[in-house]
Peer 1: 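Got a structure for you, questions after.
Predicted model, so just to flag it, every value in this text is computed and none were measured.
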Amino acid sequence: MATRPPGVSEQDFQRALTEFREAVGDDWVFSSDEDLHAYRDHFSYIKDQPNELIPSAAVGPQEVEQVQAIVRTANRYRIPLYAISTGKNFAYGGPSPNVRGSVTVDLKRMNRVLEVDASRNFALVEPGVSYIDLYRYIQERGLKVWIDTPDPGWGSPIGNALDHGIGYTMGFYRDHFGAHCGMEVVLPNGELMRTGMGALPASKSWHEYRHGYGPDPSGLFGQGSFGIVTKMGFRLMPQPEHWRNGLVTVPRRRDFIALVDRVNYMTDLSIIGEPWYGSPLQQLLGNTEFREAALAFNEEEMDRLAAAAGLHSFQVELQFYGSERTTLANWEYAQELISRVVPGARFTDGESLPVPLTHEQIHETTGPYPTNMRRNITQGVPGIGVWYQTGRTEQNPNSWNETHIGLFSLVGRSGEAVFQAQRDFADIATRVGMPSTFPNAIQTGVNWYQFSFLMGNGFALGGAATPEGKQRATVMLRRILEENAKLGYGDYRAPPILQDDVANQYSFNDHALRRFNETLKNAIDPNGILSPGRAGIWPAAYGNLRGSLRG
Amino acid sequence: MNARFSVGLMSGALIALISAALPLQAQDRAAIDRGNAKFQHSCAPCHGPGPGDDGRALLPGTDALRIKYRGTTVPAVLEQRSDLPYAALRVFVRQGSMSMPPFRPTELTDREIEDIAAYLAESSRNAAEN
């Protein structure tokens with residue numbers, strides 16, 4: 001499996017490894033197959049293939065100065081680097097680089113929580129800190145602030161935010177990159193830079209005003225390859241005193257439009273946390289008549305069958321943070337707002353609990369109504385419990401979900417946009433030869449980002465566990481990305497094997513955005529050593545590799 | 001005289017043995033404590049005994065091992081396993097197992113895996129006694 005950085009002689013590679021060892025110590029440079037095994041993507045679609053994205057070595061700095069030294073060495077020998085934080089970005093490539101033979105800069109040992117301010121509500125962390133680490137740090141000190149965790153929570157706040165990850169509490173905090181405030185970055189030439197107020201040496205407000213003065217380049221480091229982020233500030237939500245939830249259902253299919261409109265209103269007034277949409281009609285999927293109506297988008301028939309079964313068409317579970325009285329007032333206000341525009345809407349009280357919830361309350365799954373809400377993440381409590389979705393099951397005790405891959409398209413935050421996406425995704429699935437057996441007509445958007453929906457196409461990657469199956473699935477996914485883009489749906493995140501494909505879809509004015517980014521990339525990183533190919537941005541030095549993973 | 005000498009010799013040997021054993025026990029204790037802390041940090045979120053998500057009775061790692069070892073006497077909870085010495089534990093940590101990804105030396109050093117193995121040896125003994 002041993003490999004070398006592309007275009008680098010064995011002699012130069014060995015010299016670079018020697019310099020890396022001088023920078024971080026012998027114990028923290030890894031180049032044996034055994035050590036590098038854990039730097040492969042455990043869920044790779046090209047595992048064990050000649051083009052698998054494996055590193056040639058890994059180096060684990062503990063200090064910023066060591067990161068700077070590594071970057072300078074990489075420039076000296078033209079070695080591509082790929083920085084990871086906790087390396088848990090599974091479904092999006094895990095720790096694997098975009099260029100086979102890169103040297104992975106493993107930032108896990110930079111694992112200090114540098115500051116948590118529970119009065120001004122921010123944290124400053126290093127990249128190796130996980131959500132679980134930060135949560136425990138806060139709990140051990142009894143601080144009254146929440147993190148907003150992704151699920152699972154073994155990843156890094158910095159890594160997750162930089163890949164535009166999301167969470168599940170109040171709107172502002174759910175966009176993890178949007179909730180960052182100030183960062184420190186090692187630039188491709190080894191220089192250290194701070195953004196926002198951090199650029200003012202004596203500043204006391206680095207994590208309170210992120211814009212600083214002049215253009216703010218922070219966005220370049222999100223899904224970017226313009227530097228290695230070594231510190232990052234995050235806004236934290238103050239711990240509320242009380243949490244309450246409630247279920248809203250609307251009877252007819254078209255009522256969903258008014259429902260989304262009112263939920264948007266409450267979301268953007270910061271009255272509610274993440275709304276969890278769904279459809280009670282999932283209960284009818286075993287009914288052949290309903291299933292056929294849903295696959296055909298026969299709305300009248302769906303409404304008729306739903307009414308006959310005594311079921312409503314769509315639902316949203318709302319959650320409120322505040323005091324007991326304010327959460328009750330807001331829940332009553334939500335009922336009033338929705339009742340005004342949706343005749344026949346039903347409202348069911350959920351739980352009303354003082355915060356913090358107890359361990360038992362967090363794991364409680366019974367309640368006034370069946371719920372899909374994963375309560376720990378609504379409370380900012382990170383865990384790994386959701387990983388069961390990838391593991392053995394009673395039905396498949398000797399296999400696991402090794403085709404775990406993440407692709408979600410941005411969809412406008414309206415009922416009309418969701419209905420259009422349902423039809424578009426069903427049509428696309430048919431066109432690519434994977435007609436959905438799951439009726440897209442009852443699929444709803446997820447409101448992880450406050451101002452948009454994300455939706456996935458409804459199809460299964462059955463039989464994709466073999467190398468041939470993965471190849472077939474990859475070809476199909478590429479085709480779907482192309483078809484999605486023709487209709488205006490772009491993805492927000494992708495694993496390395498599909499990053500060129502996703503980037504290709506953002507092609508307005510002859511790829512003006514990509515050309516702009518690559519102009520910057522070549523200016524800032526003339527040797528192209530930092531994460532070449534990340535998010536489809538190829539520096540000139542590695543331009544010949546664009547699209548190389550397409551085979 | 002001879003008997004007194006023998007007793008004296010034995011006492012001396014005992015004292016020597018105890019003095020050699022004390023620091024060793026302290027070292028073991030420290031390793032077990034470190035292993036416990038590291039286990040709770042890095043392993044227990046998936047392999048602990050607590051309830052899982054979405055109404056599942058067990059956490060994912062524990063549940064996976066329950067399914068794997070169904071019909072055997074091998075416990076699903078790692079802290080009850082007496083068959084995970086360092087060498088075996090290291091294979092699972094470094095190679096991963098099905099949906100459990102491998103862990104890098106920056107996440108768990110070999111020394112830390114040794115500590116966890118020491119902790120599991122003790123925790124499984126305690127579980128068996130209780």
Peer 1: When heavy-atom pairs shorter than 4.5 Å are enumerated against chain B, which of A/N401, A/D133, A/T366 gives the highest number?
Peer 2: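 Winner by heavy-atom pair count: A/D133.
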Peer 1: Check whether the side chains of A/Q62 and A/E126 place a donor and an acceptor atom closer than 3.5 Å, and report yes or no.
Peer 2: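 The answer is no; no qualifying pair exists.
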Peer 1: Relative to chain B, which of A/L107, A/D106, A/D35, A/I384 shows the most heavy atom pairs under 4.5 Å?
Peer 2: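 Most heavy-atom pairs under 4.5 Å with chain B: A/D106.
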Peer 1: Distance-only, no hydrogens or angles: does the A/S44 side chain make a donor-acceptor pair with backbone N or O of A/D41 under 3.5 Å?
Peer 2: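 Absent.
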Peer 1: Is it true that the NZ or CZ of B/R56 lies under 6.0 Å from the centre of A/Y388's six-membered ring and within 45 degrees of the ring axis?
Peer 2: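 Yes, cation above the ring, under 6.0 Å and within 45°.
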Peer 1: When you look at CG of A/N372, are more than 12 heavy atoms from neighbouring residues, nucleotides or ligands closer to it than 6.0 Å?
Peer 2: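 At most 12 heavy atoms, drawn from other residues, nucleotides or ligands, come within 6.0 Å of this atom.
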Peer 1: Measuring heavy-atom distances to chain B, does A/N111 have an atom under 4.5 Å in its side chain, in its backbone, in both, or in neither?
Peer 2: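 Nothing of A/N111, per the 4.5 Å heavy-atom cut-off to chain B.
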Peer 1: With a 4.5 angstrom heavy-atom cut-off, which part of B/T109 approaches chain A: side chain, backbone, both or neither?
Peer 2: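 Only the side chain of B/T109 comes within 4.5 Å of chain A.
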Peer 1: Should the pair B/Y119 and B/F39 be assigned to parallel (<30°), tilted (30 to 60°) or perpendicular (>60°) ring geometry?
Peer 2: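 Judged by the thresholds at 30° and 60°, the geometry between B/Y119 and B/F39 is tilted.
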Peer 1: Looking at B/F103, is A/K88 sitting on its ring face, NZ or CZ under 6.0 Å from the six-membered ring centre and within 45 degrees of the normal?
Peer 2: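 Flagged: A/K88 positioned over aromatic ring of B/F103.
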Peer 1: Looking at A/D27, A/T86, A/I362, which makes the most heavy-atom pairs under 4.5 Å with chain B?
Peer 2: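 Most heavy-atom pairs within the cutoff with chain B belong to A/T86.
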Peer 1: Between A/T393 and chain B, which part of the residue has a heavy atom less than 4.5 Å away: side chain, backbone, both or neither?
Peer 2: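 Backbone only.
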Peer 1: Need one label for A/R136: side chain, backbone, both or neither, based on atoms under 4.5 Å from any heavy atom in chain B.
Peer 2: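 The answer is the side chain of A/R136.
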Peer 1: Return yes when atom CZ of B/R111 has more than 12 non-hydrogen atoms of other residues, nucleotides or ligands closer than 6.0 Å, and no otherwise.
Peer 2: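 It does not: B/R111 CZ has 12 such atoms or fewer within range.
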Peer 1: Give the member of A/E394, A/R109, A/M373 that has the highest number of heavy-atom pairs under 4.5 Å with chain B.
Peer 2: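 With the most close heavy-atom pairs to chain B, the winner is A/E394.
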Peer 1: Under 4.5 Å from any heavy atom of chain A, what part of B/D54 do you find: side chain, backbone, both or neither?
Peer 2: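 Contact with chain A: backbone and side chain both.
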Peer 1: Of the listed residues (B/R104, B/R94, B/H41, B/Q95), which shares the most heavy-atom pairs with chain A below a 4.5 Å separation?
Peer 2: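 With the most close heavy-atom pairs to chain A, the winner is B/R104.
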Peer 1: What part of A/I377 gets within 4.5 angstrom of chain B, counting heavy atoms only: side chain, backbone, both, or neither?
Peer 2: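 Neither part; nothing is under 4.5 Å.
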Peer 1: Could you check whether the rings of A/H363 and A/H359 sit parallel, tilted or perpendicular, using 30° and 60° as the cut-offs?
Peer 2: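 Taking A/H359 first and then A/H363, their aromatic rings sit tilted (interplane angle of 30° to 60°).
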